[in-house]
Amino acid sequence: MTETTEGGPAAATPTTRRELHGAPSAEARVTRLVIMGPQGAGKGTQAARLAELFSIPAISTGDIFRANIKGGTDLGKLAQEYSAKGELVPDEVTDQMVRSRLGEDDVKAGFLLDGYPRNAHQVEALDGILADLGWELDGVIELTAEREELLSRISKRAEIEGREDDTPEAIARRLDIYDEQTAPLTAAYSERGLLAKVDGIGDVSEVTERIVQALAAELG
Ligand code: ADP
């Protein structure tokens, strides 16, 4: 699991899809989404809430890797070598995993990708996967937060969840990779008119509300 949700997805905000889109005819538009943001920005928490709100699956590459590590699969063994150090799992492995997940039936209604793409290669790979499926992204959410806040949130999470990769070294490495490789990707999505940038600091439901508003404003 990534960050925990307060009260879980069931404790949803009062926001409805109709409030977001105004008209039911526009509903089908915002269903293929990516959420980006540094570790500790609350991606996992918000992904669960948005998935509930839009009735789409939240697909977290980190969660899939962790499930495989727990299950002792070959993929899990490989992923563990990298994730324990805070390094990215090799692209070809991750790309293939995402391609296969996006081919599943529940994704036809849409999806929210969390943790992918994470570098320039993965942006291209995702474009290719979606093109093969005849789809395009509808929006990319960027959750922002200051590093000080991120570090305090991650250290709290580390105490609660005891994730193997929440050691100070692995956390620092993941935040560096985010700054160097992932944060610059938002510029490309912004140029495509897909980016909804949202302040991740505040009450969980307040942040969800901001995301919903930003998606409607930026992409509407
Ligand atoms: P966090 O956001 O806290 O870094 P995640 O749960 O998203 O954690 O990912 C955990 C680990 O899984 C990463 O450190 C990395 O090793 C691996 N991983 C997740 N997503 C990707 C990806 N898109 N590409 C490569 N490795 C990934």
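Given the structure is predicted, the values throughout are model-derived calculations rather than measurements. Whatever order the structure lists them in is the order used to number ligands and atoms, beginning at 1.
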Got a list of side-chain donor-acceptor pairs under 3.5 Å for residues 122-129, not counting sequence neighbours?
unit_1 : atom_1 : unit_2 : atom_2 : d
Gln122 : OE1    : Arg118 : N      : 2.8
Gln122 : NE2    : Asp91  : OD1    : 2.9
Asp127 : OD1    : Arg192 : NH1    : 3.1
Asp127 : OD2    : Arg192 : NH2    : 2.8

Cluster overlap Leu33 with Leu50, hydrophobic side-chain contacts below 4.5 Å
yes

Answer with side chain, backbone, both or neither: which part of Thr94 has a heavy atom less than 4.0 angstrom from an atom of ligand 1?
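The answer is the side chain.
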
Are any of the N/O atoms on [X], whether in the backbone or the side chain, positioned under 3.5 angstrom from an N/O atom of ligand 1?
X: Gly86; value: no
X: Arg174; value: yes
X: Ser60; value: no
X: Val89; value: yes
X: Arg66; value: yes
X: Tyr82; value: no

[X] and [Y] ion-paired at < 4.0 Å:
X: Asp132; Y: Arg99; value: yes
X: Arg49; Y: Glu52; value: no
X: Arg174; Y: Asp166; value: yes

Which of the atoms in ligand 1, numbered in the order shown and given with their element, are less than 4.0 Å from a heavy-atom of [X]?
X: Asp165; answer: 10 (C)
X: Lys43; answer: 2 (O)
X: Ser83; answer: 11 (C), 16 (O)
X: Gly115; answer: 20 (N), 21 (C), 22 (C), 23 (N)
X: Glu87; answer: 14 (O), 15 (C), 16 (O)
X: Thr61; answer: 19 (C), 20 (N), 21 (C), 23 (N)
X: Arg157; answer: 3 (O)
X: Gln122; answer: 22 (C), 23 (N), 24 (N), 25 (C)

Would you say the side chain of Val107 lies within less than 4.5 Å of the side chain of Trp135, judging by non-hydrogen atoms?
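The answer is yes, as the side chains (C-beta and beyond) meet within the 4.5 Å cut-off.
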
If you link ILVMFWY side chains whenever their heavy atoms are less than 4.5 Å apart, which other residues fall into the same cluster as Ile177? By chain and number, please.
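ILVMFWY cluster around Ile177 also holds Leu88.
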
Pair Glu92, Gln96: side-chain N/O donor-acceptor within cut-off below 3.5 Å
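No donor-acceptor contact under 3.5 Å links the two side chains.
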
Between Thr73 and Asn68, do the side chains contain an N or O donor and an N or O acceptor separated by less than 3.5 Å?
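Their side chains do contain a donor-acceptor pair, which is all the 3.5 Å distance test asks for.
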
Does ligand 1 have an atom under 4.0 Å from some heavy atom of Lys85?
no

Can a non-hydrogen atom of His121 be found less than 4.0 Å from any atom of ligand 1?
no

From the options Glu164, Arg163, Arg118, select the one whose nearest heavy atom is closest to atom 21 (C) of ligand 1.
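It is Arg118 that holds the nearest heavy atom.
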
Supply the atom-to-atom distance Leu112 CG to Gln46 CD, rounded to the nearest 0.5 angstrom.
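So the CG of Leu112 and the CD of Gln46 are separated by 10.0 Å.
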
Could you tell me the separation between the CD1 atom of Ile154 and the CD atom of Gln39, rounded to the nearest 0.5 Å?
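Going from CD1 on Ile154 over to CD on Gln39, the span is 6.0 Å.
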
